[in-house]
Amino acid sequence: MQMIARVKGTQDFIDNQLFYFIKNEFRAHASLYHFQPIKTPIIEHVELFKRTLGSYTDVVSKEMFLISSGNKEDFLCLRPEGTAPTMRAFLEHQPATPWKVYSFGPMFRYERPQKGRYRQFHQINLEVIGSSSISQDALMITLLDRFFHERLGINSYALQINFLGSYEDRTAYTMILKEFVDGLTGICETCAVRKDKNILRIFDCKNAGCQKLYTTAPTMIEHLSEASQKEWQRLQDELFLLSITFSVNPRLVRGLDYYNKTVFEFVSDQLGAQNAFCGGGRYDRLANELGSKQEFPSLGAAIGIERLMLILEQQMDKLRLPQPKPLYVIMSLSAEQNPLALLLADSLHAAKLTTDVLLDGDSLKSMMRQANKMGAAYALILGDEEQQNKSVLAKNMMTGAQEQVNQVDLPSYLQR
Ligand code: AMP
């Protein structure tokens, strides 16, 4: 019979050390900045994303995993991103603002898999809902920059920022850009569609010919209103003040429709083609798009955990990974000793000593080899003799020294 393989574009995490390291470091970091953890469901109504991300974005038009819920009217989907669900949760629960929250979890997008791009991937999402101050953007970017640089010790990345202005600025600029693109000949088919549906996305085109044509395109930051110009300046001044290194990328638009004002991306040349490991921005009207009468100006960011792992795997020696606790391995030489082995293991677990039990009754030699592979600090051998004397043969795997220890004294002997 043929074996069943994992679904294309998904990954099994067999070694989770790095994954949990990132999660734990982020938890500590976020709490320092007074962000609270939340969880939202993996399934949501499709409508949530259609309304917020924009029907013509790649995510909605071709990357959604749909689930038929039994009710033909109501299609559910596996969430492709975390911001719209967080805003939905905010509007349902109405917590006090500014609501500063973060979450971890899998996201699903039907993309062509490649290095750093999967159909199920994991993000850390953080959002600040209900704050219009542009200084909040500077604070969030600082939180992220300090996380990557100070906590994780990553040096080789660049922070790119752009300012999309207000929705009015964006609409006005869209007209100017359209006029420019209408005057071009030779844009690709994708760009021809984007020109009408979602023109800012032309800047994301991978076609070198298109990219060349767009080098002379008018930029958003040249067409900001006076008020937006002031905010943009303020953001840059605050980032300078906080010694955050960044570059302005006037062609950074990000894929989703809901952004206004600040957009940013952290990119690394250690990642290959999919070089962004974190992205975010402001979305002042998202709440209204979800039906809220009140305005809740907000901003958020998402960190791609797999891409962060790809970077960290290249500098494992620099990471302060938690040291594993010493491991004690109880060896039951035959099935006769298994009940005793279970009791002893229970007493070691109660004393918070990391303990495993070998219960398959191999030869002592092969069990010792196994304990060695497991990195055991001590082998604790239980045979007929030990069972009768109520003792254990404790062998220090580093020094090779061994000693008979009374079973009742074992936890305190190992804790010494
Ligand atoms: P986005 O929600 O598209 O702004 O993505 C935020 C971050 O999630 C990106 O910077 C990536 O690090 C990560 N990401 C997005 N799509 C994928 C994917 N298909 N596979 C792995 N990581 C992804």
Side-chain angles (χ1 to χ4, degrees), residues 6-13 18-19 22-23 26 40 42 44 48-49 52-54 56-65 77-87 102-127 137 140-141 144-145 147-148 152 154 156-162 164 198 200-201 203-204 206 249 252-260 262-283 286 298-313:
R6 62 179 189 272
V7 173
K8 189 174 173 191
T10 65
Q11 294 196 99
D12 298 311
F13 288 86
L18 207 46
F19 197 101
I22 293 171
K23 258 178 124 164
F26 191 81
T40 63
I42 285 171
E44 294 278 358
L48 175 68
F49 301 103
T52 52
L53 309 188
Y56 295 110
T57 54
D58 289 350
V59 173
V60 169
S61 62
K62 49 184 196 225
E63 295 173 1
M64 297 268 259
F65 278 93
C77 66
L78 299 178
R79 62 181 180 193
E81 62 99 51
T83 295
T86 308
M87 182 57 92
Y102 70 92
S103 58
F104 297 97
M107 303 293 159
F108 304 83
R109 294 182 197 171
Y110 192 81
E111 294 189 88
R112 194 172 49 78
Q114 64 180 91
K115 182 182 169 198
R117 189 162 74 186
Y118 311 99
R119 290 181 175 173
Q120 175 174 341
F121 58 98
H122 297 78
Q123 283 186 341
I124 302 173
N125 277 89
L126 67 160
E127 322 282 345
D137 305 33
M140 179 176 287
I141 290 170
L144 291 165
D145 189 66
F147 177 63
F148 300 133
L152 303 182
I154 306 175
S156 56
Y157 66 82
L159 165 61
Q160 301 188 346
I161 307 192
N162 192 16
L164 303 179
N198 192 359
L200 295 188
R201 288 291 323 272
F203 292 125
D204 288 339
K206 297 278 181 280
N249 176 355
L252 178 70
V253 292
R254 304 193 30 78
L256 314 177
D257 263 7
Y258 53 57
Y259 289 110
N260 66 308
T262 315
V263 285
F264 58 85
E265 246 170 30
F266 287 84
V267 296
S268 163
D269 54 17
Q270 287 173 289
L271 286 173
Q274 300 302 319
N275 66 351
F277 59 94
C278 172
R282 195 165 253 289
Y283 45 90
L286 186 64
S298 307
L299 69 153
I303 302 172
I305 298 187
E306 283 82 354
R307 295 197 194 159
L308 207 48
M309 285 169 68
L310 284 171
I311 298 173
L312 293 179
E313 276 162 9

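None of the values given here were measured: they were computed from a predicted structure. Read the numbers this way: they start at 1 and go in the same order the structure lists the ligands and their atoms. What you see below is based on every heavy atom in this structure, not just the backbone, and it leaves out hydrogens, waters and symmetry mates.
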Y110 atom OH: more than 12 heavy-atom contacts under 6.0 Å: no
Counting from 1 in the order shown, the ligand 1 atoms closer than 4.0 Å to a non-hydrogen atom of A276 are 9 (C), 10 (O), 11 (C), 12 (O)
(Q) Which label fits F266 and F277: parallel for a plane angle under 30°, tilted from 30 to 60°, or perpendicular past 60°? (A) tilted
Subject >> Heteroatom distance test (Y118, ligand 1): nitrogen or oxygen, under 3.5 angstrom >> reply: yes
The single option from E306, Q11, R307 that satisfies side-chain contact (heavy atoms from CB on, under 4.5 Å) with F121 is E306
Near A302 (heavy-atom distance under 4.0 Å), the atoms of ligand 1 are 6 (C), 7 (C)
Would the distance check show the side chain of R119 and the main-chain N or O of E111 forming a donor-acceptor pair, the cut-off being under 3.5 Å?
yes
In ligand 1, the atoms that come under 4.0 Å of a heavy atom of C278 are 10 (O)
Under 3.5 Å donor-acceptor, R109 side chain and P80 backbone: yes
side-chain contact (heavy atoms from CB on, under 4.5 Å) test vs I303 passes for just one of F104, Y102, F26, namely F26
Closest to atom 2 (O) of ligand 1 by heavy-atom distance, out of R119, R109, R307, E63, is R109
Within 4.0 Å of some non-hydrogen atom of F277, the atoms of ligand 1 are 10 (O), 12 (O)
* To do: Would you check whether Q123 has a nitrogen or oxygen atom less than 3.5 angstrom from a nitrogen or oxygen atom of ligand 1?
  => yes
If we number the atoms of ligand 1 from 1 as shown, the ones under 4.0 Å from a heavy atom of E111 are 16 (N), 18 (C), 19 (N)
